[in-house]
4 protein chains.
Amino acid sequence: MTEQLIIGVMGGGTATAGDIETAFRLGSLIAEQGWVLLNGGRNSGIMEASARGARGHGGLTVGILPDDNCSRVSEFITIPILTGMGNARNCINVLSSDIVVACPGGAGTLSEIALALKSNKEVILLNFDIGKPFDQYVNEGLLYYAETPEEVIEKIKKISKNY
Amino acid sequence: MTEQLIIGVMGGGTATAGDIETAFRLGSLIAEQGWVLLNGGRNSGIMEASARGARGHGGLTVGILPDDNCSRVSEFITIPILTGMGNARNCINVLSSDIVVACPGGAGTLSEIALALKSNKEVILLNFDIGKPFDQYVNEGLLYYAETPEEVIEKIKKISKNY
Amino acid sequence: MTEQLIIGVMGGGTATAGDIETAFRLGSLIAEQGWVLLNGGRNSGIMEASARGARGHGGLTVGILPDDNCSRVSEFITIPILTGMGNARNCINVLSSDIVVACPGGAGTLSEIALALKSNKEVILLNFDIGKPFDQYVNEGLLYYAETPEEVIEKIKKISKNY
Amino acid sequence: MTEQLIIGVMGGGTATAGDIETAFRLGSLIAEQGWVLLNGGRNSGIMEASARGARGHGGLTVGILPDDNCSRVSEFITIPILTGMGNARNCINVLSSDIVVACPGGAGTLSEIALALKSNKEVILLNFDIGKPFDQYVNEGLLYYAETPEEVIEKIKKISKNY
């Protein structure tokens, strides 16, 4: 692990008002801990909200974009990484995060959860019930459920103490 | 779509004897239809079994490998594509398949199902119940359940008629 | 190495009439040897010409496309691999080829030559003088010059005998 | 372009003492301008030297690694991006840089220069003569030669004024 903890925040490009608010709060708390926030970098949904929260609280934000140009990057991203690789960038998202937090989302978010687990990376689900097919990873201690951003922060502290 | 239908067969690198047998039969039937079988290319689990079935019945098999060398390629792969990209190759698997069939597997297979749906690609689940988080894609007509290889073949014929 | 030799043919998306004719002849000769031809898969320049030559002489052709769809694939490609990764697919081109042949081209082709050499893959330049910065690889016996498609075929036979 | 200029510094994983010193000075000057330095992230050659220079002068450094883990990351990298994609990460290096500077190197560096030019990205060569095959890009005003880090900085200022 590198000196600064990098927390990946995944979630839908479209999201409910409640999930947007939660992602914003999660981003704020991550920044307040001095951690780097990493996400998919686009100007929508959970990506925009979590980056906005982090930047508004003095945080550094890294966005790993599927695009080869900056036309859809969120203005709250400090460092945009342009991959030009479409969804293959989802692998980079999870490999580059010390711990992955997944907010509610669709197939893209589910792919990131699965890719993280495949790489033996810890994943914390925030208000996102993905059910049965992932149960074995809960049992293995790789996949956790949380109900609030504050609970996520506590979980990250506990996990990262073991590094 | 290209002239020859390319059917992606995903599934675990480790698998039960029953799933191995089913994957072998699926590969055989795909070859008998004159379709190309595409999978992850390694010499284990569903990959090896489906390729063995297809090659044993005169089929052409393409393996998209995570590796940058041939040390773990299945001997039943006609064309090994070496990506050197780890799990990012899962995206190529689903983009290059006209239709994706998913046999039982773990996080890697779940990531391929999710990536396929994210790219609006039809996915047929063969004896693989992935439950709730994917239900919306069943409703949208992108995700289908099947119980036998024969049922998969019928479903593929029905879907591909619309191309 | 796999059972069938896979020969990568690189070169410009635009090309002179003479280079097109040479690429067509190279593709024909590759097919006559029973080798698989692999290229960038698009319907233009050296890619289209070499695939057309190979298919016209009974060969199997694999195209590794930068795109995530088939809109620009050459009709002479048997197996289109859709990467959706832009130029990052250039790495896959060279890793998946047992030996790389480079016809004249621009920056894309130069990147493929460099990536092949970086991966310790033999490269044969066909009527393509790339000069000084690559001289060390000629000295190391990784980079060869040839003036005709026939000379390329002889060189491939000599190199592949060592496998 | 994003708010902060991101300068990519490419060059060999092994390098002469003189090139190491020049890369260190280039990194220092980039940091003093308030620009972000991006490179290949490893703990050797031009990568380590340029990152060390930038960090020693208060700069932010981003490393795009070929690896899927941190075992070979330079200690002078603030943000390590783990791609797990081998040389395919070279594409990300150049796409994510507003301007690319290339110090002397081998095939890897040549591939990055070529990939940058292919993406219409300006490249400044620092004491690195790559000769004839790239001459057309000098004529097109995409490729520049410089002899000192100070000259590179002036060139970057001139180019980026046009954004």
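Just so it is clear: chains get the letters A, B, ... in the order the sequence lines come, proteins before strands, and each one is counted from 1. The figures here come from the full heavy-atom set of this structure, side chains too, leaving out hydrogens, waters and symmetry mates.
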>> Filter on side chain to side chain donor-acceptor pair (under 3.5 Å), then keep only pairs touching residues 146-156 of chain B, sequence neighbours left out; what's left?
In response: B:Arg25-B:Glu150
>> Does D:Gln33, at its CD atom, have more than 12 non-hydrogen atoms belonging to other residues, nucleotides or ligands within less than 6.0 Å?
In response: yes
> Hey, which residues of residues 83-91 of chain B are touching chain D, say heavy atoms under 4.5 Å apart?
Replying inline: B:Gly84, B:Met85, B:Gly86, B:Ala88
